[in-house]
Amino acid sequence: MPYFLTFQVVGWADVFSSKLYRDCISEDLAYCRKEKGLFLFGYVIMTNHLHLVVQQKDGKLSGWVRDFKKFTARNCSK
């Protein structure tokens with residue numbers, strides 16, 4: 001079953017107004033689709049948060065969320 005998720009930036013900082021960070025999120029989502037069994041039905045990147053409609057192939061969405069946040073935080077802060 002698909003889920004609607006929202007992730008916000010700490011302190012609601014407008015980091016996604018930068019193309020660099022928007023591209024980072026898009027690339028990480030593409031990786032998750034290819035390698036992590038994520039079904040991505042749609043997403044919107046706002047200036048300080050993002051919305052996703054997703055489904056995990058194995059049904060283990062909480063593990064994916066944890067890994068996505070951890071990986072994206074490290075990847076985008078380089």
Side-chain angles (χ1 to χ4, degrees):
M1 146 176 275
Y3 288 90
F4 177 81
L5 303 175
T6 298
F7 299 119
Q8 72 181 33
V9 178
V10 174
W12 291 90
D14 289 332
V15 296
F16 299 131
S17 56
S18 167
K19 183 177 179 343
L20 175 72
Y21 294 114
R22 289 191 309 269
D23 290 347
C24 181
I25 293 292
S26 297
E27 290 168 8
D28 291 351
L29 287 170
Y31 173 81
C32 289
R33 289 180 66 206
K34 282 181 167 178
E35 304 296 331
K36 299 293 183 181
L38 183 75
F39 298 108
L40 180 64
F41 298 100
Y43 69 99
V44 177
I45 302 174
M46 308 301 282
T47 62
N48 56 12
H49 65 284
L50 60 126
H51 301 287
L52 308 168
V53 180
V54 296
Q55 181 177 350
Q56 180 64 24
K57 183 174 96 173
D58 299 334
K60 298 177 182 176
L61 193 59
S62 63
W64 174 81
V65 168
R66 179 197 62 235
D67 294 345
F68 176 74
K69 286 181 170 184
K70 184 177 178 181
F71 178 77
T72 301
R74 287 183 183 162
N75 192 31
C76 292
S77 64
K78 291 180 181 179

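We number each residue from 1, following the sequence as shown.
Between the side chain of R33 and the backbone N or O of F39, no donor-acceptor pair lies under 3.5 Å. Although no hydrogens or angles enter the test, the distance criterion places no donor-acceptor pair under 3.5 Å between the side chain of E35 and the main chain of A30.
Shown here are the disulfide (SG to SG under 2.5 Å) partners of C32, two or more places apart in sequence or in another chain: there are none.
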Validation: residues 1-16 side-chain donor-acceptor distances under 3.5 Å, sequence neighbours left out:
| from | atom 1 | to | atom 2 | distance (Å) |
| --- | --- | --- | --- | --- |
| T6 | OG1 | H51 | ND1 | 2.9 |
| D14 | OD1 | T47 | OG1 | 3.1 |

Could you go through L38 and Q56, starting from their C-alpha distance and side-chain angles, then the distance that decides it, and tell me whether this counts as side-chain contact (heavy atoms from CB on, under 4.5 Å)?
CA-CA 5 Å; L38 183 75; Q56 180 64 24; 3.9 Å; yes

Would D28 and F68 count as a side-chain contact (heavy atoms from CB on, under 4.5 Å) here? Give the steps.
CA-CA 8 Å; D28 291 351; F68 176 74; 3.9 Å; yes

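Rounded to the nearest 0.5 angstrom, T72 OG1 and E27 CD are separated by 10.5 Å. Distance NZ/K19 to OG/S26: 8.5 Å, rounded to 0.5 Å. The CD atom of Q55 lies 9.0 Å from the CG atom of L61; values are rounded to the nearest 0.5 Å. Note: M46 CE to R22 CZ = 12.0 Å, rounded to the nearest 0.5 Å. Note that the OG atom of S77 and the OH atom of Y21 stand 7.5 Å from one another [nearest 0.5 Å].
Using a 4.5 Å heavy-atom cutoff, the side chains of L52 and L29 are in contact. V53 places none of its side-chain heavy atoms less than 4.5 Å from the side chain of Y43.
Here the closest non-hydrogen pair linking L50 and I45 is CB-CA, 4.2 Å.
Follow the hydrophobic side-chain contacts under 4.5 Å out from F71 and you never reach I25; the two are in separate clusters.
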